[in-house]
*Asks:* 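Structure below; questions to follow.
A, B, ... follow the sequence lines: proteins, then strands. Residue 1 opens every chain. What you see below is based on every heavy atom in this structure, not just the backbone, and it leaves out hydrogens, waters and symmetry mates.
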Amino acid sequence: MPELPEVEVTRRSFASQIEGAKILGVTMGKPLRWPLGCEPQSLVGAQVQQVRRRGKYLLIDLDQGMLMVHLGMSGSLRFAPVLPLLGAHDHFEMHTDKGLLRLNDPRRFGAVIATQGEQDPVARKLLDGLGMEPLDTQQFSWKRFSEGLKASRSPIKPLLLSGKLVVGVGNIYASEVLFASRIAPTLAANMISAVKARRLFDAIRAILALAVERGGTTLRDFSNADGMPGHFQLQAKVYGRDGLPCVHCGQPIALLRQGQRSTFYCPRCQKA
DNA sequence: CGTGGCTCCTGTTAGC
DNA sequence: TGCTAACAGGAGCCAC
């Protein structure tokens, strides 16, 4: 469900509300991808300082330590003064003096991890090696991006998904940005022309920024921490549209598998 | 080291 | 209608 825009929209929807909150209690449901890493009770008394994001991780800074939250494939956060009774898929809840923060995650690929901070070995293992932040104009530079492409012989679609060059581009947006820049998903990164690489660089920034601005994509059931669905009907131009006519040329959209993930593209518009 | 395949888990949908 | 299999927005891990 959540790619960078959805994670960022979630962050913005509760960050300022939870700032300064004191933790009063923590409840865990079924196991998530990783254990919390500490006794839930040991978090009681800590104070939330700010909520940041790195890639698809939400980083909740505490006066002592840092919570890392990942939404995995099916996770969503809610933050509110009062919430309904815990449901079968609510696996983490943090009670604070400003409200309840709750993670609902049916598939449990998500995680909440308590660390000592960004230098904690557990945090470093997950954060080190992440690529550039595409919405950070300082960090996401054309120079580094084009050099990164030249350094890899991987097909471009799985490279985008890997997060090693640029973070936050998930399976939907990967297909969409490649369609927008008219690049075949199977093309080796180092074989992409400068013109196409520049289009891809621009498309990643533009499409992700627009998605954030519009409140994220609600393909199935995304909603932010206020419970509001996204309004970015990304009118996915290729994702999920196999067999349907390309919005640009009318040719049927094709579907292929790359690394166990579906890729959608137009065989005519996106030639190598 | 880079790359590709497998894996975790549950819910929904496509196909017979 | 009902069962079964395939597939789903992520990404770490392990074997080549």
*Asks:* Tell whether A/Arg108 reaches the base of B/dC9 with its side chain through a donor-acceptor pair below 3.5 angstrom.
*Replies:* no
*Asks:* Quick one: stems involving DNA chain B, counted as three or more successive Watson-Crick or G-U pairs, both distances short of 3.5 Å.
*Replies:* B:2-8 with C:10-16, B:10-16 with C:2-8
*Asks:* OP1, OP2 of B/dG2 versus side-chain N and O of A/Lys164: anything below 4.0 Å?
*Replies:* no
*Asks:* B/dC9 base stacked by A/Phe109? Criteria: ring centres under 5.5 Å, plane angle under 30°.
*Replies:* no
*Asks:* Are A/Met132 and A/Val177 connected, step by step, through hydrophobic side chains (Ile, Leu, Val, Met, Phe, Trp, Tyr) whose heavy atoms are closer than 4.5 Å?
*Replies:*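 Shared cluster, yes.
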*Asks:* Respond yes when some side-chain nitrogen or oxygen of A/His89 is under 4.0 Å from OP1 or OP2 of B/dT10, and no when none is.
*Replies:*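 The answer is no; no side-chain N or O of A/His89 sits under 4.0 Å from OP1 or OP2.
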*Asks:* Look at all strands and tell whether A/Ser162 reaches a base, only sugar-phosphate, or nothing, counting heavy atoms closer than 4.0 Å.
*Replies:*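 Here A/Ser162 touches no strand at all.
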*Asks:* Starting the side chain at C-beta, find the nucleotide from C/dA8, C/dA11, B/dG5 nearest to A/His70.
*Replies:* C/dA11
*Asks:* By nearest atom, which of the nucleotides B/dT10, B/dC6, C/dC7 is closest to the A/Lys30 side chain?
*Replies:* B/dT10
*Asks:* A/Tyr173 side chain N/O closer than 4.0 Å to the phosphate oxygens (OP1, OP2) of C/dG10?
*Replies:* no
*Asks:* Between C/dG10, B/dT10, C/dG12, which nucleotide gets closest to the side-chain atoms of A/Leu126?
*Replies:* C/dG12
*Asks:* For DNA chain B, whose closest nucleotide is more 5', that of A/Ala88 or that of A/Arg33?
*Replies:* A/Arg33
*Asks:* Can you say whether the rings of A/Phe145 and A/Phe201 are parallel (under 30°), tilted (30 to 60°) or perpendicular (over 60°)?
*Replies:*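 Judged by the thresholds at 30° and 60°, the geometry between A/Phe145 and A/Phe201 is tilted.
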*Asks:* Need one value for A/Arg153: base, sugar-phosphate or nothing, where a base atom within 4.0 Å counts as base even if backbone is also close, heavy atoms only.
*Replies:* sugar-phosphate
*Asks:* Heavy atoms from C-beta onward define the side chain here; which of B/dT3, C/dC13, C/dA11 lies closest to that of A/Lys125?
*Replies:* C/dC13
*Asks:* For A/His70 and A/Tyr57, take the angle between the two ring planes, folded into 0 to 90°, and tell me which bin it lands in: parallel under 30, tilted 30 to 60, perpendicular over 60.
*Replies:* perpendicular
